[in-house]
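If you read the sequence from its start, that first residue is 1, and numbering goes on from there.
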Amino acid sequence: SLYGIRSVGMRFFSVYGPWGRPDMAPYIFTKSILNDEEIKIFNHGNMKRDFTYVSDIVDGIIGLMLYSDHLKYDIYNIGSGNPVNLLDFVEVVENILGIKSKRTLMPLQDGDVLETYADISRIKNDVFYEPKVDIQTGMKKFVEWYLMYGKAR
């Protein structure tokens, strides 16, 4: 702000979807369940994450670009704004695959956070952002992609 240079920062929350990171829960859990391998669930599943489908992230970025003339020096959270319990997330994956997982409940890892979620009130107000993809729909799309392309990764 000292030199009048406009900038906008964006914070993404647990992004998932086709071609996503293979070290994230959607990828790891889907792969492990399909391969009949155990999944490790930390803090005994008592964690929440704001899983955000990639197209909602893109909508947020586009919204910020379209309204950039009105923005100065801001940081925006882009997420679903709806944290999902980890055990509920596992059940969503199981239901889509039609396979029960082999679960190993683990203690909380050092440095892990119990709950993360995006407060999206500012981006909703400033650029009319509205996430569209719920966890069931997004994970169904992810699993369809994984079955066609993701297994080869």
For this session: Show your working on side chain to side chain contact (heavy atoms under 4.5 Å, CB included) between N82 and Y117 and close with a plain yes or no.
Result: CA-CA 7 Å; N82 185 27; Y117 66 94; over 6 Å; no
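- Residues H44 and L87 share a closest heavy-atom pair of O-CD1, 3.9 Å.
- Going from atom OG1 of T30 over to atom CG of L97 covers 6.0 Å, rounded to the nearest 0.5 Å.
- Contact check for R6 versus D74: no side-chain heavy atoms found under the 4.5 Å cut-off.
- P83 approaches T116 most closely through the heavy-atom pair CB-O, 4.1 Å.
- I39 has its side chain out of reach of T104: every pair of non-hydrogen atoms, C-beta onward, lies at least 4.5 Å apart.
- Tracing side-chain contacts under 4.5 Å through hydrophobic residues (I, L, V, M, F, W, Y), one never reaches M24 starting from V93; they form parts of separate clusters.
- A distance of 10.0 Å separates OH in Y129 from CG in N77, rounded to the nearest 0.5 Å.
- The structure places CD of Q136 at 7.5 Å from CD1 of I96, a figure rounded to the nearest 0.5 Å.
- Nearest approach of V54 to P18, heavy atoms of both residues: CG1-CD, 4.4 Å.
- V15 and V113 fall into different hydrophobic clusters, where Ile, Leu, Val, Met, Phe, Trp and Tyr residues are linked whenever their side-chain heavy atoms come under 4.5 Å apart, directly or through other members.
- Annotation: cation-pi geometry satisfied between R122 and Y76 (NZ/CZ under 6.0 angstrom from ring centroid, within 45° of ring axis).
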Donor-acceptor pairs under 3.5 Å, side chain of residues 55-62 to any protein atom, not counting sequence neighbours: which ones?
{"residue": "D56", "atom": "OD1", "partner": "K132", "partner atom": "N", "Å": "2.9"}
{"residue": "D56", "atom": "OD2", "partner": "K132", "partner atom": "N", "Å": "3.3"}
{"residue": "D56", "atom": "OD2", "partner": "V133", "partner atom": "N", "Å": "3.1"}
{"residue": "D59", "atom": "OD2", "partner": "K132", "partner atom": "NZ", "Å": "3.2"}

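- Between S68 and V8 there is no side-chain heavy-atom pair separated by less than 4.5 Å.
- Closest heavy-atom contact between G79 and F13: CA-CB, 4.3 Å.
- Both L147 and W19 are part of a single hydrophobic cluster, where members link through side-chain heavy atoms under 4.5 Å apart.
- Annotation: the span from Y146 atom OH to M139 atom CE amounts to 11.0 Å, rounded to 0.5 Å.
- A salt bridge is defined here as a Lys NZ or Arg NE, NH1 or NH2 lying under 4.0 Å from an Asp or Glu carboxylate O, and E94 with R103 meets this definition.
- No more than 12 heavy atoms of other residues, nucleotides or ligands shown are found within 6.0 angstrom of CE on M65.
- Among all heavy-atom pairs drawn from G81 and D50, the shortest one is N-OD2, 3.0 Å.
- When hydrophobic clusters are built by joining Ile, Leu, Val, Met, Phe, Trp and Tyr residues whose side-chain heavy atoms come closer than 4.5 Å, directly or via intermediates, I78 is not grouped with Y73.
- D112 contributes no side-chain N or O that, together with a main-chain N or O of L108, makes up a donor-acceptor pair within less than 3.5 Å.
- Using a 4.0 Å cut-off between charged nitrogen and carboxylate oxygen, E37 and K102 do not count as a salt-bridge pair.
- Taking 4.5 Å as the limit, every side-chain heavy atom of N95 sits out of range of all side-chain heavy atoms of V92.
- Side-chain contact between V127 and L66 is absent, with no heavy-atom pair separated by less than 4.5 Å.
- Residue Y16 forms a ring pair (Phe, Tyr, Trp, His ring centres under 6.0 Å) with just one option from Y53, F89, F142, W145, and that option is Y53.
- Once rounded to the nearest 0.5 Å, the distance linking OG of S80 with CG of D134 reads 9.5 Å.
- I75 and I5 fall into different hydrophobic clusters, defined by Ile, Leu, Val, Met, Phe, Trp and Tyr side-chain heavy atoms under 4.5 Å apart, directly or through other members.
- Counting all heavy atoms, side chain and backbone alike, F42 lies closest to M47 at O-SD, 3.4 Å.
- In this structure, CG in N46 is found 9.0 Å from CG in L86, a value given to the nearest 0.5 Å.
- Contact check for L64 versus L71: side-chain heavy atoms found under the 4.5 Å cut-off.
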